[in-house]
Colleague: 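Sharing a structure with you now.
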Amino acid sequence: MIGNEIAGGTAEGAGAGGGALAGVRVVELAHIMAGPVCGRMLADMGADVVKVEAPGGGDPTRALVPLDGVDASGAFVMMNRGKRGIVVDLKGEEGRGVVRRMLARCDVVIENFRKGVMEGFDLGYESLRTANPGLVYCQITGFGRTGPLADQGGFDLIAQGMTGLMSVTGEAPGRPPVKCGPPLTDITAGVLGAMGVVAALYSRRETGVGQRVDTSLYEAGLVQTFWQSAVTLATGESPGPLGSAHPLAAPYEAFPTADGWITVGGWNQVNWMRLLEALELGELADDPRFATNEARMKNQAALRDVLAGRLKTAPAETWLRRLEKAAVPAGPVLSTLEALRHPQTVAREMVVTVEQGGNAVETMGMPVKLSEAPGAVPSGAPRLGEHTEEVLGEYGFGQEEIAELLRSGALGRFNA
């Protein structure tokens, strides 16, 4: 077991029932998305993740588009199901002392405040590692802890603009910049943070020592540009937006049919020849404009016109059946609702039902399946302060001490 080899004790609660990270204690001092995504990934794998929220409204995502009859928004449930929740006032020394004691006994802390905030609370890595040398301290910021922008805050929109993502997203050069629909850098930063935490826990098994995990929305945006950056570094030129097309290969994009859009991945030579057979366009095999991938990329506009003209002659389902029979990668362009209800989504258990405020609520399932330690989505998101007394009791606080901290306002708890 990885968990508590340094911190000591046995983790209880939401993540203790199984999973590869069962026994790992995580304290999440994070809000909105990047940090909570990191915590959610660890909770999925069995870690006991305790989310610390401020008095009053807690995580701001609680107030986004509330679900009928549920005490938290769909966005909050999506980011925080499977965690336990406590309320601590970090603005006062009593509350900071509570968290300091927790971090002396846990395995992992996740925070996504602006650089310097945690140090101002005397909760920075350097001060905490003395009391808990095995602590894995994950920090997710806008731009990372080093460099000229280290002190700046960041949002997904800003990161997408600064990392080149918005310059390559959209229909064509000269059009207004377009943000990728999902908050790509927030989600990716959370996944990178979780990867770093697991690597640090693995390293701790050998060294007995924890470490700082430092990642950012900025780096999360850059890693999403692997293909575009490969072109740029090889040629010295920045590629522009290509719609749904690929910067290195063709045809690899969305095409209109008689009744909707489909995607077609016919870029390598084997799939190109299969595509011509499925579309009954065998004459293009001898067309020098399309003979190789390099030629197809140079003549992409002409290629798009020819293929779209053919695909518009029949419905999407007709072409998808023919392309599947020919072993050409292809698929429909679905709405979010259609994707969530697709049989493949159901089969992969990517939509699950959890109990939330006495209601059954659907949320996203686990994207990674482990054969021997599969983990689970055991619960919905915590109500504000739902587990304050339960969690602090496990971290060594006595009942009278908890009661006094509640009276002083340093702690908060859920009142049904």
Side-chain angles (χ1 to χ4, degrees), residues 1-16 19-31 34-52 80 82-84 86 90 96 98-113 115-119 121-141 144-146 188-217 219-220 368 370 373 375 391 394-396:
M1 180 175 72
I2 295 175
N4 303 298
E5 293 167 347
I6 301 299
T10 301
E12 301 175 16
L21 297 182
V24 174
R25 285 183 168 187
V26 180
V27 174
E28 181 187 296
L29 297 167
H31 55 284
V37 167
C38 179
R40 177 197 141 133
M41 294 292 170
L42 301 176
D44 281 356
M45 297 300 173
D48 177 29
V49 179
V50 175
K51 183 178 182 70
V52 179
N80 297 286
K83 304 174 186 177
R84 295 191 289 170
I86 68 174
L90 291 178
R96 293 195 292 269
V98 169
V99 172
R100 203 171 292 121
R101 285 172 59 181
M102 292 179 68
L103 299 187
R105 299 186 60 174
C106 74
D107 299 293
V108 180
V109 60
I110 303 165
E111 65 98 351
N112 64 348
F113 291 103
K115 181 186 175 186
V117 170
M118 290 290 280
E119 287 78 8
F121 289 157
D122 194 25
L123 294 170
Y125 175 60
E126 295 301 332
S127 63
L128 294 174
R129 67 188 300 194
T130 301
N132 185 358
L135 182 65
V136 174
Y137 195 105
C138 180
Q139 295 181 283
I140 304 175
T141 56
R145 290 184 51 79
T146 56
T188 303
V191 174
L192 293 175
M195 179 187 71
V197 166
V198 171
L201 288 171
Y202 185 83
S203 174
R204 192 180 74 175
R205 296 180 63 180
E206 300 299 321
T207 66
V209 178
Q211 57 188 295
R212 189 200 304 270
V213 176
D214 171 16
T215 192
S216 70
L217 274 62
E219 286 152 305
V368 178
L370 300 181
V391 167
E394 295 170 8
Y395 274 84

Colleague: Counting only N and O atoms by type, is there a donor-acceptor contact under 3.5 Å from the side chain of R96 to the main-chain atoms of L90?
Modeller: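 Yes; at least one donor-acceptor contact below 3.5 Å.
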
Colleague: From D107 CG over to L42 CG, what is the distance, rounded to the nearest 0.5 angstrom?
Modeller: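 Interatomic distance, D107 CG to L42 CG, rounded to 0.5 Å: 11.0 Å.
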
Colleague: Go through the structure and list residues passing side-chain hydrogen bond (donor to acceptor under 3.5 Å, both in side chains) with T188, not counting sequence neighbours.
Modeller: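 Listed in chain order: Q224.
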
Colleague: Nearest 0.5 Å, please: how far is CG in D48 from CD in E394?
Modeller: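 Output value for this atom pair is 6.5 Å.
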
Colleague: Restricting to non-hydrogen atoms, name the atom on V368 and the atom on M45 that form the minimum distance, rounded to 0.1 Å.
Modeller: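 For V368 versus M45, the nearest heavy atoms are CB-CE, 3.5 Å.
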
Colleague: Which heavy-atom pair separates T141 from G144 by the least distance, and what is that distance?
Modeller: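 Minimum heavy-atom contact is OG1-N, 2.9 Å.
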
Colleague: Could you report the tightest heavy-atom contact between Y395 and V27, atom names first, then the distance?
Modeller: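 Nearest pair, atom of Y395 first, then V27: OH-CG2, 4.0 Å.
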
Colleague: Could you check whether any side-chain heavy atom of V26 comes within less than 4.5 Å of a side-chain heavy atom of C106, counting everything from C-beta outward?
Modeller: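 Side chain of V26 against side chain of C106, heavy atoms only: no contact under 4.5 Å found.
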
Colleague: Where do A194 and M41 come nearest, in terms of heavy atoms and distance?
Modeller: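 Looking at all heavy atoms of both residues, the closest pair is CB-CB, 3.8 Å.
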
Colleague: Could you please spell out the steps behind the side-chain contact (heavy atoms from CB on, under 4.5 Å) verdict for L123 and E111?
Modeller: CA-CA 10 Å; L123 294 170; E111 65 98 351; over 6 Å; no

Colleague: Using side-chain heavy atoms (C-beta onward) and a distance below 4.5 Å, is I86 in contact with M102?
Modeller: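 I86 reaches M102 side chain to side chain.
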
Colleague: Working to the nearest 0.5 Å, report the span between CD1 of I110 and CD of E28.
Modeller: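 Between atom CD1 of I110 and atom CD of E28 there are 5.5 Å.
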
Colleague: Please enumerate all residues that pass ring pair (Phe, Tyr, Trp, His ring centres under 6.0 Å) together with F121, with sequence neighbours excluded.
Modeller: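 In terms of ring pair (Phe, Tyr, Trp, His ring centres under 6.0 Å), with neighbours along the sequence ignored, F121 is linked to no residue.
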
Colleague: Going through the distances and angles, do R40 and D44 end up as a side-chain contact (heavy atoms from CB on, under 4.5 Å)?
Modeller: CA-CA 6 Å; R40 177 197 141 133; D44 281 356; 4.0 Å; yes

Colleague: If you compare all heavy atoms of I140 against all heavy atoms of G190, which two are closest, and at what distance to 0.1 Å?
Modeller: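 That would be CD1-CA, 4.2 Å.
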
Colleague: Check the pair L135, R129 against side-chain contact (heavy atoms from CB on, under 4.5 Å), reporting the backbone distance first and the verdict last.
Modeller: CA-CA 6 Å; L135 182 65; R129 67 188 300 194; 5.7 Å; no

Colleague: Under the 3.5 angstrom rule, does the side chain of K51 hit a backbone N or O of H31 as a donor-acceptor pair?
Modeller: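 Not confirmed, K51 side chain does not pair with H31 backbone.
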
Colleague: To the nearest 0.5 Å, how far apart are SG in C38 and CD in Q139?
Modeller: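 Here the rounded value is 12.0 Å.
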
Colleague: Under a 4.0 Å N-O cut-off, is there an ion pair linking R145 with E119?
Modeller: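 A salt bridge links R145 with E119.
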
Colleague: Between E126 and R212, is there a side-chain N and carboxylate O pair less than 4.0 Å apart?
Modeller: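 Yes, charged N to carboxylate O under 4.0 Å.
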
Colleague: Which heavy-atom pair separates P36 from N112 by the least distance, and what is that distance?
Modeller: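 Shortest heavy-atom contact: CD-ND2, 4.1 Å.
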
Colleague: Distance-only, no hydrogens or angles: does the R105 side chain make a donor-acceptor pair with backbone N or O of R25 under 3.5 Å?
Modeller: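 The answer is no, because no donor-acceptor pair under 3.5 Å joins these two groups.
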
Colleague: Quick check: does any side chain N or O of N132 sit under 3.5 Å from a backbone N or O of L103, one acting as donor and the other as acceptor?
Modeller: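 Checking the backbone N and O of L103 against the side chain of N132, a donor-acceptor pair under 3.5 Å is found.
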
Colleague: For the atom pair OH (Y202) and OG1 (T207), what is the distance rounded to the nearest 0.5 Å?
Modeller: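 Reported to 0.5 Å precision, the distance equals 12.0 Å.
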
